[in-house]
> 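Let me give you the structure first, and then I'll get to my questions.
A quick note: this is a predicted structure, and the numbers were derived from the prediction, not measured. When reading the values below, keep in mind they use all heavy atoms of this one structure, side chains included, and skip hydrogens, waters and symmetry mates.
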Amino acid sequence: MPNSHYTYRVTWSPDDREFVATCVEFPSLSWLEEDEIEALRGIRKLVAETVEDMRTNGEAVPEPLADREYSGKILLRTTPDLHRRLAIEAAEAKVSLNRYVNAKLALNG
């Protein structure tokens, strides 16, 4: 499982006045650098070291999100009031509730 398959993000931190790199699969890890490319290099190296340590210690290593299989099904719990409102809006739009919620999620994604 290559470390390059993990989900990395580099953003500017106004508080630190540096770029902060993170990895979604390892939320406790981060790396700060003045250069965004170096921040990415730093977090990737840190993740590689963490994965190696976990393997050495017999710990379960998180599977990269990119390598996981997704069914396309989401079970969503909400309040009865929101469920009713969405059902009404879907009916007014003349689409199924599933299609309506899917479209709303896609707009915000």
Side-chain angles (χ1 to χ4, degrees):
M1 163 180 26
N3 293 336
S4 62
H5 289 194
Y6 285 116
T7 309
Y8 297 100
R9 178 172 294 191
V10 178
T11 56
W12 176 252
S13 171
D15 293 338
D16 298 306
R17 299 181 53 82
E18 291 185 298
F19 288 95
V20 60
T22 57
C23 180
V24 173
E25 292 86 349
F26 294 89
S28 63
L29 302 180
S30 64
W31 192 272
L32 289 167
E33 285 284 347
E34 290 181 8
D35 180 81
E36 63 187 304
I37 300 301
E38 291 305 315
L40 179 58
R41 284 189 181 119
I43 191 66
R44 288 182 63 165
K45 182 176 184 236
L46 182 58
V47 166
E49 291 169 357
T50 301
V51 166
E52 184 59 35
D53 285 346
M54 292 177 79
R55 287 189 178 131
T56 299
N57 294 319
E59 297 176 51
V61 176
E63 180 183 7
L65 291 170
D67 293 346
R68 295 180 190 174
E69 300 227 359
Y70 296 91
S71 68
K73 297 177 186 177
I74 299 172
L75 176 60
L76 175 67
R77 300 209 185 275
T78 188
T79 64
D81 289 341
L82 180 56
H83 189 173
R84 180 182 304 106
R85 189 185 84 199
L86 291 169
I88 291 168
E89 290 173 10
E92 290 172 341
K94 296 180 177 43
V95 296
S96 70
L97 178 58
N98 184 66
R99 180 173 285 180
Y100 185 77
V101 170
N102 210 2
K104 287 191 78 78
L105 288 171
L107 285 175
N108 293 317

> If you link I, L, V, M, F, W and Y whenever their side-chain heavy atoms are under 4.5 Å apart, who else ends up in the same group as I37?
none
> Taking only residues two or more places apart in sequence, or in another chain, which ones meet E52 in a salt bridge (Lys or Arg N to Asp or Glu O under 4.0 Å)?
none
> Count the heavy atoms of every other residue, nucleotide or ligand shown that sit under 6.0 Å from CZ of R68, and state whether that count exceeds 12.
yes
> Cut-off 3.5 Å, no hydrogens considered: what does the side-chain donor-acceptor table look like for residues 90-99, sequence neighbours left out?
residue	atom	partner	partner atom	Å
S96	OG	R99	N	3.0

> Check residues 43-50 and write down every donor-acceptor pair under 3.5 Å in which the side-chain atom is one partner and the other belongs to a residue at least two apart or another chain.
residue	atom	partner	partner atom	Å
K45	NZ	E49	OE2	3.4
T50	OG1	L46	O	2.8

> Show me the pairs that pass ring-ring contact (aromatic ring centres under 6.0 Å, His included) and involve residues 21-65, at least two apart or across chains.
Y6-F26
> Mind checking ring-ring contact (aromatic ring centres under 6.0 Å, His included) for F19 and listing every partner two or more places apart, or none if nothing turns up?
W12
> Please report the interatomic distance CG(L86) to NE2(H83), rounded to the nearest 0.5 Å.
7.5 Å
> Sequence neighbours left out, what pairs pass side-chain hydrogen bond (donor to acceptor under 3.5 Å, both in side chains) with at least one residue falling in residues 19-29?
T7-E25
> Holding to side-chain hydrogen bond (donor to acceptor under 3.5 Å, both in side chains), I want the full list of residues that pass it with S13, two or more places apart in sequence or in another chain.
D16
> For E89, enumerate each residue passing the salt bridge (Lys or Arg N to Asp or Glu O under 4.0 Å) test, keeping only those at least two apart in sequence or located in another chain.
R85
> For E18 and E33, which heavy atoms make the closest approach, and how far apart are they?
CB-O, 3.3 Å
> My understanding is that only residues two or more places apart in sequence, or in another chain, count here; which of them pass salt bridge (Lys or Arg N to Asp or Glu O under 4.0 Å) with E36?
none
> With a 4.5 Å cut-off on side-chain heavy-atom distances among I, L, V, M, F, W and Y, is there a chain of contacts connecting I88 to L105?
no
> Nearest heavy-atom pair of A21 and A39: which atoms, and what distance?
CB-O, 3.2 Å
> Are the side chain of R55 and the backbone N or O of V61 linked by a donor-acceptor pair below 3.5 Å?
no
> Using the salt bridge (Lys or Arg N to Asp or Glu O under 4.0 Å) criterion, which residues pair with R84? Sequence neighbours excluded.
D81
> Is it possible for you to say whether V51 and L29 belong to one hydrophobic cluster, with membership spreading through side-chain heavy-atom contacts below 4.5 Å?
yes
> Output side-chain donor-acceptor pairs under 3.5 Å for residues 69-79, partner residues at least two apart or in another chain, one line each.
residue	atom	partner	partner atom	Å
Y70	OH	L65	O	3.1
S71	OG	K73	N	3.1
T79	OG1	L82	N	3.1

